[in-house]
Protein chains: 2
Amino acid sequence: MSSHFKTTARPTIIDVAEAAGVSKSTVSRVLQGDAASVKPDTRRAVTRAIRKLGYEHNAIASMLRTARTFMVMLITPDIANPFWSEVARGLQDTLERPGYSVVVGNGDQDSERENAFLKTARRNRFDGIAINPTKIHRRTLLATGIPTVILGIRDGFAGLDMVGSDSFQGAFEALTYLYQMGHRRIGFIDGRYVTEQGRARAQAYAEFLKQHNLEPDPSLKVEVPFDRAGGQRGMRVLLSLAHRPTAVFASNDILALAAMQTAQEAGLNVPRDLSIIGMDDIYPTAMTMPGLTTMAKQKYETGCQAARLLLERIEGTALREARRCALPCQLVERGSVAPRS
Amino acid sequence: MSSHFKTTARPTIIDVAEAAGVSKSTVSRVLQGDAASVKPDTRRAVTRAIRKLGYEHNAIASMLRTARTFMVMLITPDIANPFWSEVARGLQDTLERPGYSVVVGNGDQDSERENAFLKTARRNRFDGIAINPTKIHRRTLLATGIPTVILGIRDGFAGLDMVGSDSFQGAFEALTYLYQMGHRRIGFIDGRYVTEQGRARAQAYAEFLKQHNLEPDPSLKVEVPFDRAGGQRGMRVLLSLAHRPTAVFASNDILALAAMQTAQEAGLNVPRDLSIIGMDDIYPTAMTMPGLTTMAKQKYETGCQAARLLLERIEGTALREARRCALPCQLVERGSVAPRS
DNA sequence: CTGAAAGCGCTAACAA
DNA sequence: TTGTTAGCGCTTTCAG
């Protein structure tokens with residue numbers, strides 16, 4: 001079967017105008033739903049002509065004229081990462097109603113790639129940008145001249161709207177929860193960001209120990225890269241300790257899941273022998289046995305909220321002040337944490 | 001800190017022309033890298049002016065003129081589904097090089113939503129469409145007049161390029177693998193599609209039984225919806241059988257994972273008491289204990305290949321014939337299958 | 001309430 | 001090799 005698409009010359013607003021016996025301004029008016037300024041009869045005639053000719057509005061032409069594209073660029077490290085794909089979903093769903101499309105760019109923690117997407121956003125005159133910056137600086141973002149919202153709570157982005165999760169609160173509550181379950185010797189697998197960020201969890205850990213008068217034991221805290229191998233290594237280190245922890249908090253679910261797997265492979269029963277709690281609440285946490293207890297970040301909601309801030313900025317209804325919106329993490333109990341035996 | 005973005009009037013090609021003392025055509029030529037037809041000196045002068053003025057090419061204007069947008073619409077049921085986000089990644093990575101941006105639309109198995117995205121693609125004069133159609137028909141797609149590639153191997157889309165996985169082969173090999181591991185009594189948790197598709201796996205199951213002279217036992221095959229609850233129910237039914245299977249094949253990993261969890265909750269040891277194999281190879285399969293053995297679909301590669309076909313279609317270098325590309329599934333052994341004891 | 005006219009910023013013949 | 005010219009299809013004053 002041969003493949004071919006109709007390449008008929010599409011009718012323009014002028015064709016419609018002729019067919020309806022009016023001027024193109026009038027057609028344009030009904031197209032824009034300018035209700036008040038077009039007589040019902042005229043409107044009907046135009047509508048009929050539109051349908052008859054199969055006319056389809058050319059958004060490109062109107063973009064050129066109005067300098068509005070209804071396009072938003074979303075830049076995250078990787079859309080295939082379930083965390084970001086959920087944020088993306090929230091952003092898209094919220095932006096869809098008012099008619100925006102979103103282009104997603106995978107920055108891959110790479111300066112050149114992030115910049116390339118920024119460039120596309122500028123060249124294509126996008127109306128907005130939502131970005132989780134890894135290698136991009138505040139100045140660069142401001143210089144685009146395009147309304148921008150930062151995904152994640154980060155320092156060094158003054159003057160830009162920001163929405164993310166309250167990691168400090170999340171980590172603190174995770175630790176407090178373990179404490180309430182009777183745990184006193186709590187390990188901490190700390191993901192090390194490539195960038196400077198992410199100190200919130202470590203600060204929460206320190207603060208937690210202090211508040212509960214727990215002796216800080218350096219051997220209980222292990223810093224690893226933010227991936228499966230890291231979680232594996234972190235757990236191995238903790239298991240090798242003469243005086244093992246009874247519970248472990250990991251900076252995110254990837255680490256926690258890998259840690260749990262590692263503990264199980266070592267013959268431990270989770271949560272009987274060891275409790276584990278993570279952070280983020282990504283898709284796989286419900287799939288394991290036991291399910292992973294975690295401090296859920298509101299990923300979808302983050303995307304929605306980012307979209308709202310961005311819309312206000314684009315439409316100019318926002319206050320001049322940059323806003324910072326930290327959504328709280330919420331405990332989701334699944335089964336990887338038990339009272340200390 | 002107040003938020004404000006420079007809203008300087010951007011310089012146009014004319015400003016550059018003036019500054020460089022040439023005509024705008026010349027500027028346009030160097031902008032398009034029309035190397036042969038611009039004297040090096042002139043080119044340099046223009047380049048300098050561009051940099052000096054901070055000129056940035058206006059893609060919208062050139063879209064209007066050239067009728068090319070370098071935009072592609074990707075429509076899948078849900079980008080937050082790890083399966084589709086991987087396909088998306090492949091598509092994006094491949095389309096990025098030649099300068100295309102991709103807008104992702106979440107169809108949600110909803111006719112209206114799918115149609116809305118198609119409409120956006122038309123109004124914005126997108127150059128291409130990649131879609132996994134759930135409620136959209138061939139005619140509608142053809143009528144867009146936009147080069148389109150179907151994601152997934154499906155009937156009823158004659159005349160359109162198509163790329164997906166060979167589910168029949170995948171299912172057949174999964175079953176054969178179980179057979180080779182000594183299993184003879186093999187359960188089948190069959191995901192029921194909303195649409196008519198997806199019979200390939202059931203056909204493979206039937207064919208497999210026949211080839212190996214295994215008596216078809218209706219009680220071993222249970223049809224369920226394609227979600228976690230389905231997998232759970234499927235496994236419960238199989239476990240309730242007087243004569244239980246020793247191995248189970250599930251239509252996809254979501255079902256398989258839920259089934260495995262259910263079996264474990266029932267006190268079975270996987271794979272010692274029961275072997276389980278899935279299909280797709282989604283992200284969480286590596287996170288469970290044991291890891292899920294599965295027939296991997298080449299998701300990323302599907303996206304890449306779809307992009308390639310689409311590019312050929314857009315650039316008109318493709319044959320007229322529609323192409324159908326079925327990528328083979330590959331066995332990934334993780335630990336949920338063991339020889340029959 | 002409707003029409004005429006002037007572009008938005010760029011590309012692409014066609015001349016020179 | 002470069003410039004001139006005529007739009008791409010739409011929106012938006014400004015008149016009437």
Side-chain angles (χ1 to χ4, degrees), chain A residues 7-47 49-50 53-71 99 122-127 145, chain B residues 7-47 49-50 53-71 99 122-127 145:
Chain A
T7 314
T8 27
R10 309 181 191 226
T12 78
I13 204 177
I14 297 189
D15 300 318
V16 175
E18 267 170 21
V22 297
S23 76
K24 57 188 194 140
S25 327
T26 303
V27 177
S28 178
R29 287 192 186 98
V30 344
L31 244 27
Q32 291 164 77
D34 195 346
S37 50
V38 157
K39 216 189 335 183
D41 285 355
T42 320
R43 141 175 274 92
R44 253 190 301 281
V46 171
T47 316
I50 287 177
L53 300 183
Y55 168 80
E56 194 127 27
H57 187 247
N58 184 334
I60 303 298
S62 91
M63 285 175 191
L64 179 57
R65 189 55 234 230
T66 61
R68 297 271 280 107
T69 57
F70 287 93
M71 291 273 188
R122 283 195 315 260
R123 294 175 39 117
N124 286 24
R125 303 295 192 261
F126 276 37
D127 290 335
Chain B
T7 314
T8 27
R10 307 181 192 227
T12 78
I13 205 178
I14 297 188
D15 300 318
V16 176
E18 268 170 20
V22 298
S23 78
K24 57 189 196 140
S25 330
T26 303
V27 177
S28 179
R29 288 193 187 98
V30 343
L31 245 26
Q32 291 165 76
D34 194 346
S37 51
V38 156
K39 217 191 328 185
D41 286 354
T42 321
R43 142 174 271 93
R44 252 191 302 281
V46 171
T47 316
I50 287 177
L53 299 183
Y55 168 80
E56 194 126 28
H57 187 247
N58 184 334
I60 304 298
S62 93
M63 284 175 192
L64 179 58
R65 190 54 235 231
T66 62
R68 296 273 280 107
T69 57
F70 287 93
M71 291 272 189
R122 283 196 314 262
R123 295 175 38 117
N124 287 23
R125 304 294 192 262
F126 276 38
D127 291 335

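Computed from a predicted model, the values in this text were never measured in an experiment. Naming convention: chains lettered A, B, ... in sequence-line order (proteins, then strands); numbering from 1 in each chain.
Nearest heavy-atom pair across B/Ile13 and B/Tyr55 is N-CE1, 3.6 Å.
To the nearest angstrom, C1' of C/dG9 lies 6 Å from CG of A/Leu64. Atom P of nucleotide D/dC8 and atom CG of A/Asp15 are separated by 11 Å, given to the nearest angstrom. For the pair B/Arg68 CZ and D/dC8 C1', the computed distance is 15 Å after rounding to whole Å. Remark: C1' of C/dC10 and NE2 of B/His57 are 7 Å apart, rounded to the nearest angstrom. Note: CZ (B/Arg43) to C1' (D/dT1) measures 12 Å, nearest angstrom. Atom CD in A/Glu18 sits roughly 13 Å away from atom P in D/dG9 (whole-Å rounding). Put simply, CD1 on A/Ile13 is 13 Å from C1' on D/dC8, counting in whole angstrom units.
For B/Ser28 and C/dT11, the shortest distance from a side-chain N or O to OP1 or OP2 is below 4.0 Å. Proximity of A/Gln32 to the phosphate of D/dC10: no side-chain N or O atom is located under 4.0 Å from OP1 or OP2.
In terms of modelled atom types and a separation under 3.5 Å, the side chain of A/Gln32 and the main chain of A/Ser28 share a donor-acceptor contact.
For B/Arg65 against C/dG9, a side-chain-to-base donor-acceptor contact under 3.5 Å is absent.
In this structure, B/Asp15 CG and B/Lys24 NZ are separated by 11.5 Å, a value rounded to the nearest 0.5 Å. Between atom CG of residue A/Asp127 and atom OG1 of residue A/Thr69 there is a gap of 3.5 Å, rounded to the nearest 0.5 Å. Atom CG of A/Asn124 is separated from atom CG of B/Asn58 by 8.5 Å, given to the nearest 0.5 angstrom.
Distances from the side chain of B/Thr66 to the nucleotides C/dA12, D/dT1, C/dC10 place C/dA12 closest.
Using a 4.0 Å heavy-atom criterion, one finds that B/Ser37 contacts the bases of the nucleic acid, with or without backbone contacts as well.
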Distances for protein N or O near nucleotides 3-5 of chain D N or O, under 3.5 Å:
unit_1, atom_1, unit_2, atom_2, d
D/dG3, OP2, B/Ser23, N, 2.8
D/dG3, OP2, B/Ser23, OG, 3.2
D/dG3, OP2, B/Thr26, OG1, 2.7
D/dG3, O6, B/Arg29, NH2, 2.6
D/dT4, O4, B/Ser25, OG, 2.6

